[in-house]
Amino acid sequence: MSKRYGDPIEVEVAGGLPLAFVWRGRRYDVDQYLSSWLEAPAAVRAPDVRFHRVLARPAGLTATGDLDPDGFGSPLGAVYDLAQENTWRLARVWD
């Protein structure tokens with residue numbers, strides 16, 4: 001399931017890829033960069049929007065060692081879609 005947002009975020013970038021971001025006053029560390037893509041906005045003259053999909057978790061959280069019923073490690077984070085235009089915004093959270 002996903003939830004859509006449009007909240008502005010601050011993003012720490014290295015080599016053009018997000019390493020961390022701050023959303024609603026909380027820092028999230030990117031654990032894995034998953035993908036990126038371009039989308040053309042509805043407005044004809046507006047620039048394309050670059051999206052970055054990342055697996056991230058709130059900063060400071062580390063693995064607890066807990067296992068889910070299938071024997072896999074319990075995830076601490078979620079998948080986030082970060083939109084890069086003139087500024088950055090959180091587009092979607094997949095949980």
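Remember, predicted model here, so these are calculated numbers, not experimental data.
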Hphob cluster co-occupancy, Leu17 + Leu34, side-chain heavy atoms under 4.5 angstrom: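 No, Leu17 and Leu34 fall in different hydrophobic clusters.
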Connected via hydrophobic side-chain network under 4.5 Å: Tyr28 and Leu55: no
Among Trp88, Tyr80, Phe21, the one residue meeting side-chain contact (heavy atoms from CB on, under 4.5 Å) with His52: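 Option passing the side-chain contact (heavy atoms from CB on, under 4.5 Å) with His52: Trp88.
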Within-4.5 Å side-chain heavy-atom neighbours: Leu82 and Trp23: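 No - every pair of side-chain heavy atoms lies 4.5 Å or more apart.
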Sub-4.5 Å side-chain heavy-atom contact between Trp37 and Arg53: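 Of all side-chain heavy-atom pairs linking Arg53 with Trp37, at least one is under 4.5 Å.
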If you take all heavy atoms of [X] and [Y], which pair is closest and at what distance?
| X | Y | result |
| --- | --- | --- |
| Leu38 | Arg50 | CG-NH2, 3.6 Å |
| Ala40 | Asp48 | CA-OD1, 3.5 Å |
| Val54 | Pro18 | CG1-CG, 4.1 Å |
| Ala20 | Val30 | N-CG2, 3.9 Å |
| Ala83 | Val49 | CB-CG1, 3.9 Å |
| Leu19 | Ala14 | CD1-CB, 3.4 Å |

Inter-residue atom distance Glu12.CD - Asp29.CG, 0.5 Å rounding: 8.0 Å
Atom pair CD1/CD of Ile9 and Gln84 - distance to nearest 0.5 Å: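 The distance works out to 10.0 Å.
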Given Arg24, Arg26, Arg89, the one that forms salt bridge (charged side-chain N to carboxylate O under 4.0 Å, His left out) with Asp7: Arg24
Crowding at CD, Glu39 (>12 non-hydrogen neighbours, <6.0 Å): yes
